[in-house]
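Every value quoted in this text rests on a predicted model; they were computed, and no experiment measured them. Heavy-atom basis, side chains included; hydrogens, waters and symmetry copies ignored.
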Amino acid sequence: HSNLVPVSFRRVCLLCDVWAQIQQSGCTRPHELQVPREPCCALLDAVLVAFKGLDDTKLRRPLRVTFVGEEAVGLGPMREFFQVALRAFLDGSAGACGEFPDGRSTRLFRCNGHLRTYWFDEDVDNPDAFRTCGILLGQAILNNVLVMNIFPRVLYERLLQDLGSPCARALGLEDVAMVSEEVARSLQSVLDYAEEDIGEVFGDLGWPICESITPDSKLTQQTKGDFVRAYVHWFFHQRVARQMEPLSAGFRAILGESSLLRSMVDAVQLEKIVCGGAIPVDVAAIQRGASYEGWTPEEQSEYLPLFWEVLSGCTEAEKVKFIVFVTASDRVPLKGWQDLGLTVHKNGVGDDRLPTAYTCFCQLLLPKYTEKDKLRSSLLLAIANSEGFGLR
């Protein structure tokens with residue numbers, strides 16, 4: 001049964017499937033790639049030049065990467081290359097890489113600091129760069145290298161849709177929420193609105209014109225579901241077509257011939273194949289990067305260590321729930337758990353209230369309880385009753 005096959009074994013099967021295609025093509029010689037380690041704009045340009053103009057057969061070969069001026073070769077430099085290259089694309093999106101030699105901005109994605117993910121910048125028109133991103137994701141699998149979990153899962157749904165996979169599912173508001181919780185809440189408000197003046201209230205939201213929504217279509221109680229579904233489809237297709245299509249083409253160039261990927265892998269499994277499993281929550285690292293507000297020096301030295309002891313003693317599932325409780329996301333920050341930036345704010349004294357959180361600021365509002373057991377039970381109750389973005 002498909003769901004009983006471990007993702008690690010599925011990854012091995014996918015590699016065997018792709019390698020069989022490579023051997024049939026006769027192009028088994030590694031693609032030699034030498035890149036500068038820095039500046040990142042030079043690294044990005046070197047990667048773009050190396051892949052530009054190559055057809056799928058020539059791209060569908062393993063890489064042999066070296067850094068300019070360094071002698072090291074093998075799996076170590078290979079792993080480092082994928083991390084450095086993908087980070088360079090993200091640094092470009094943060095404005096740290098300047099421009100490509102042709103004058104184009106290296107910005108490709110927009111960072112959602114709240115969700116700790118990257119999504120397409122729909123204003124960018126740089127198909128070669130997006131194609132290279134897709135090639136890198138595919139090559140990471142081909143070279144058996146795990147990469148950072150930086151994209152929302154809906155990206156993998158879209159990749160499977162473009163492959164024509166029966167495992168790809170229809171996208172909904174929960175997928176929109178992975179990219180923009182604000183947009184998802186607005187669309188949910190349309191679905192929740194029960195009055196007959198819905199067209200007057202929500203009729204000017206910029207609904208996309210498509211096959212199911214024409215200029216003459218009117219938003220009513222009977223048609224609101226069609227309007228929302230049309231918007232979701234536009235949001236993930238037409239809105240980012242200039243970015244998604246070349247990225248998907250680059251990914252398909254490496255893995256598109258795999259019958260296993262086309263028919264037996266869903267988005268959750270593909271995400272794990274690309275990025276590996278979840279990284280365990282490192283409480284010690286979070287503690288090193290934490291700050292405190294409202295606590296006396298004595299409380300910081302005597303009471304707060306009890307909080308860290310309680311959190312360290314939680315199960316892994318409880319730790320993940322805590323991370324969601326304070327940040328609304330279960331993803332590790334790109335630079336590691338020490339970069340979570342948790343602030344523990346004192347929120348009164350006594351046993352009559354539960355801990356709360358401001359997820360936008362990664363701030364935990366923690367009361368000072370009378371004893372450690374009360375601290376533990378209150379914290380677990382708070383995180384158990386918290387919910388992320390939920391849509392009916």
**OP:** Kindly state whether the ring of Phe202 and the ring of Tyr193 have centres lying under 6.0 angstrom apart.
**Re:** yes
Original post:
Between Ser258 and Asp17, does any side-chain donor sit less than 3.5 Å from a side-chain acceptor?
Top reply: yes
Original post:
For Arg185 and Gln188, does a side-chain donor sit closer than 3.5 Å to a side-chain acceptor?
Top reply: no
Original post:
Hey, would you say the Phe151 and Phe109 ring centroids sit under 6.0 Å apart?
Top reply: yes
Original post:
How many angstroms lie between CZ in Arg10 and CG in Leu15, if you round to the nearest 0.5 Å?
Top reply: 13.5 Å
Subject >> Shortest non-hydrogen separation from Val183 to Tyr231 and the atoms involved >> reply: CG1-CE2, 3.8 Å
**OP:** If the plane angle is over 60° it's perpendicular, under 30° parallel, otherwise tilted; pick one for Tyr292 and Trp308.
**Re:** perpendicular
Original post:
With under 30° as parallel and over 60° as perpendicular, where do the rings of His233 and His237 fit, or are they tilted in between?
Top reply: parallel
**OP:** Report yes if the distance between the aromatic ring centroids of Trp295 and Tyr303 is under 6.0 Å, otherwise no.
**Re:** yes
Original post:
Stepwise, does the side chain to side chain contact (heavy atoms under 4.5 Å, CB included) test hold for Leu173 with Val232?
Top reply: CA-CA 7 Å; Leu173 292 192; Val232 171; 3.7 Å; yes
Subject >> N-O pairing of Asp175 and Arg169 below 4.0 Å >> reply: yes
Subject >> Pairwise side-chain contact, Phe120 with Val179, heavy-atom cut-off 4.5 Å (strictly under) >> reply: no
Original post:
Just by modelled atom types, is the Leu191 backbone N or O under 3.5 Å from a matching donor or acceptor in the Lys224 side chain?
Top reply: yes
Original post:
Considering all heavy atoms of both residues, which atom of Gln83 and which atom of Leu146 are nearest to each other, and what is their separation?
Top reply: NE2-O, 3.0 Å
**OP:** Run the numbers on Leu63 and Phe82 for side chain to side chain contact (heavy atoms under 4.5 Å, CB included), then give the verdict.
**Re:** CA-CA 11 Å; Leu63 295 180; Phe82 282 104; 4.0 Å; yes
Original post:
Taking the side chain as C-beta and beyond, is there a heavy-atom pair between Gln338 and Ile286 under 4.5 Å?
Top reply: no
Original post:
What closest approach, in Å, do Ala140 and Val147 show between heavy atoms, and which atom pair accounts for it?
Top reply: CB-CG1, 3.6 Å
Subject >> Atom pair CE/CG of Met244 and Leu159 - distance to nearest 0.5 Å >> reply: 4.0 Å
Original post:
Charged N to carboxylate O under 4.0 angstrom, Glu293 versus Lys346?
Top reply: no
**OP:** Answer whether the closest heavy-atom distance between the side chains of Phe81 and Val47 falls below 4.5 Å.
**Re:** yes
Original post:
If you round to the nearest 0.5 Å, how far is CG of Leu160 from CZ of Phe251?
Top reply: 7.5 Å
Original post:
Do Phe235 and Val240 have side chains that get closer than 4.5 Å, going by heavy atoms?
Top reply: no
**OP:** For residues Asp266 and Tyr156, determine if any side-chain heavy atom of one lies less than 4.5 Å from a side-chain heavy atom of the other.
**Re:** no
Subject >> Nearest heavy-atom neighbours spanning Leu142 and Pro62 >> reply: CD2-N, 3.9 Å
Original post:
For the atom pair CH2 (Trp119) and CE (Met178), what is the distance rounded to the nearest 0.5 Å?
Top reply: 10.0 Å
**OP:** For the pair Arg262 (side chain) and Leu163 (backbone), establish whether a donor and an acceptor sit closer than 3.5 Å, ignoring hydrogens and angles.
**Re:** yes
Original post:
For residues 370-379, which residue pairs qualify under side chain to side chain donor-acceptor pair (under 3.5 Å), counting only residues two or more places apart or in two chains?
Top reply: Glu309-Lys372, Asp351-Thr370
**OP:** Identify whether the distance between the nearest side-chain nitrogen and carboxylate oxygen of Glu257 and Arg252 falls below 4.0 Å.
**Re:** no
Original post:
Do other residues, nucleotides or ligands put more than 12 heavy atoms under 6.0 Å from Arg64 CZ?
Top reply: no
**OP:** For Pro367 and Pro355, work out which heavy atoms get closest and say how close.
**Re:** CD-CA, 3.9 Å
Subject >> Smallest separation among heavy atoms of Cys362 and Thr327, with atom names >> reply: SG-CG2, 3.6 Å
Original post:
Less than 4.5 Å apart, any side-chain heavy atom of Val190 and any of Phe227?
Top reply: no
Original post:
In terms of ring plane angle, is the pair His31 and Phe51 parallel, tilted or perpendicular, where the classes change at 30° and 60°?
Top reply: tilted
**OP:** Show the numbers, then the answer: is there a side chain to side chain contact (heavy atoms under 4.5 Å, CB included) between Ile135 and Leu247?
**Re:** CA-CA 7 Å; Ile135 292 171; Leu247 186 145; over 6 Å; no
Original post:
What's the spacing between Arg242 CZ and Asp121 CG if we round to 0.5 Å?
Top reply: 9.0 Å
Original post:
Under the 3.5 angstrom rule, does the side chain of Arg131 hit a backbone N or O of Gly250 as a donor-acceptor pair?
Top reply: no
**OP:** Consider only side-chain N and O atoms of Thr220 and Thr223, and report whether a donor and an acceptor are under 3.5 Å apart.
**Re:** yes
**OP:** Measure the shortest side-chain to side-chain distance between Glu32 and Val65 over non-hydrogen atoms and say whether it is less than 4.5 angstrom.
**Re:** no
**OP:** May I have the step-by-step check of side chain to side chain contact (heavy atoms under 4.5 Å, CB included) for Asp128 and Asn126, ending in yes or no?
**Re:** CA-CA 6 Å; Asp128 288 340; Asn126 195 339; 4.2 Å; yes
Original post:
Is the closest side-chain heavy-atom distance between Glu122 and Arg110 below 4.5 Å?
Top reply: yes
Original post:
If you round to the nearest 0.5 Å, how far is OG1 of Thr66 from CD of Gln34?
Top reply: 4.0 Å
